[in-house]
Amino acid sequence: MRVRVISDKCEGHNRCCALAPELFDVDDYGIATALNDGEVPAELEAQAKLAVENCPEYAIEVVGE
Amino acid sequence: MSKTPPVTDWTSDYDFFDPDYIKDPAPVWEELRGKCPIAHTERWGGSWMPTNYEDMQAFVRMVPELSSRNVMLVSPPKSDEFDAELAEYGSSAPPITSDPPEHIPMRRLILPLFTPKAVEGYRPFTEQLCHELIDGFIDQGSCDAALDYAVHIPAKTIAYIIGVDGDRTDEFVGWVRGLVEQGMQDPAKLIHYRHTIREFFAELVDARKAKPKDDLISNLLSQEINGQPIARKAVIAMCDLLLVAGIDTTWSSIGSALWHFAMNPGDRRRMAAEPELFPTAIEELLRFYSPVTMARVATEEIHVGDVTFKPGDKVLLNFPAANRDPEVFEDADKVVLDRQKNRHIAFGIGSHRCAGSNLARMEMDAALRIWFERIPEFELTDPDAVTWAGGQVRGPRHLPFRF
């Protein structure tokens, strides 16, 4: 599984970072990036899904599923 | 405080200060969603109130047609001081009341102070504070969870971050309640408390200018926008905003969460037994008991369905109502502690998303985890004795608990 942050949609709610800190980081202004090129280890797939489905800006997507 | 006649038609004459609405607004939102869904009132200076999630997502992005220059539900009376400030830096309380182009540079001054990493730095202070508060009442087996616990957590934490005297937080709470809770219905109070807060920070800003410390005020004073230092008045206004926005709001969220667990023993037991649910539970409680409604002012004619906002019309961004929209949330009127799909907008959305959201989340997390660790079993002594504040910020103000 891979995830991607659509950076022009991200407005810095930081929900991804709060729910899946192993998968996302945010900059000084709250804009998120996916860590490890968006690669999601199997044991963190549930967290990745949580991040996708909790983003109020619809700014995270699963890539190539 | 002025008395208003009871509401007979919520679609055309709503009253956000109606006591029953403050106690439980959800039935009104449900009715409005089915009927309008954008309600109107002439009360309190007049406003429009959308209740759908989709409308809220659309309205926050209408910038600057829906301006942030006045975000209060009831507009403050015009005053020379207020107008002079508006002229000087485009906003009375930057960045919350700023529009482009001033908004983003002002907002970027404070965002780095409230990143997830930055707020983790404040966690040890907040956790110690929570323990000390509980130490103060645990032996007596009862407390007012709103006044003895919840209120002190955001008040003392924001005082610590701004760099003001933590012993004066009771005073700060009085000022903020005067402004946000009483000031809406009593303009003289609003002006009085606003002035008090600004005078307090003016003195402090001048002191830090003369002798910088390692705190937020000194940090703001050392920053620049376009090579220019930040105006003294802008720093004062930003401190004012951080104090006002940082107290009633999170107090309400912590209080509502504790109220929920006292009223719902099943959820209380589950929370105590499954602390790994805290991350989703906190987001769910933020959704269900979202405290904050903001306002916008139309700067041009805007047509939405068969409704027309005229220039100068006020539009309420009722985030709490949006978060109960059954089109977006499954079982919207139920608290589901492990809710997986939860795109709530308790912190607003769009370019004005709450700058302190990470801080609020950390404070709520610390407050609830420590409460449950130390007082896993608790109940209300008298549910009828609970009182709620409402309007701009909704939350419980008295929570008599025994444990």
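Each chain gets a letter, A, B and so on, in the order its sequence line appears, and its residues count up from 1. The model shown is predicted, which means the values in this text are computed figures rather than measured ones.
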Answer with side chain, backbone, both or neither: which region of A/Asp25 has an atom nearer than 4.5 Å to a non-hydrogen atom of chain B?
->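 It is the side chain, since no backbone atom gets that close.
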
Answer with side chain, backbone, both or neither: which region of A/Cys17 has an atom nearer than 4.5 Å to a non-hydrogen atom of chain B?
->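 A/Cys17 touches chain B through side-chain heavy atoms alone.
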
Just by modelled atom types, is the [Y] backbone N or O under 3.5 Å from a matching donor or acceptor in the [X] side chain?
X        : Y        : value
B/Arg343 : A/Cys55  : yes
A/His13  : B/Ser357 : no
B/Arg108 : A/Asp28  : no

Over 12 foreign heavy atoms within 6.0 Å of [atom1], [X]:
X        : atom1 : answer
B/Glu327 : CD    : no
B/Glu54  : CD    : no
B/Glu330 : CD    : no

Does any non-hydrogen side-chain atom of B/His352 lie less than 4.5 Å from one of A/Glu11?
->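 Contact flag for A/Glu11/B/His352 side chains = no.
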
Measure across [X] and [Y] and return the closest heavy-atom pair with its distance rounded to 0.1 Å.
X        : Y        : result
A/Leu50  : B/Gln340 : CD1-OE1, 3.3 Å
B/Arg353 : A/Tyr29  : NH2-O, 4.0 Å
B/Ile349 : A/Pro56  : CD1-O, 3.3 Å

What part of B/Asn342 gets closer than 4.5 Å to chain A, counting heavy atoms only: side chain, backbone, both or neither?
->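 It is both, since atoms from each part get that close.
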
Let me know if B/Phe114 has heavy atoms under 4.5 Å from chain A in its side chain, its backbone, both or neither.
->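 Neither part.
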
If you check every heavy atom in residues 278-288 of chain B against those of chain A, which residues fall under 4.5 Å?
->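 Contacts with chain A: B/Pro279, B/Thr280, B/Glu283.
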
How would you list all residue pairs meeting salt bridge (charged side-chain N to carboxylate O under 4.0 Å, His left out) that involve residues 48-64 of chain A, not counting sequence neighbours?
->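 Residue pairs with at least one partner in residues 48-64 of chain A: A/Arg4-A/Glu61.
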
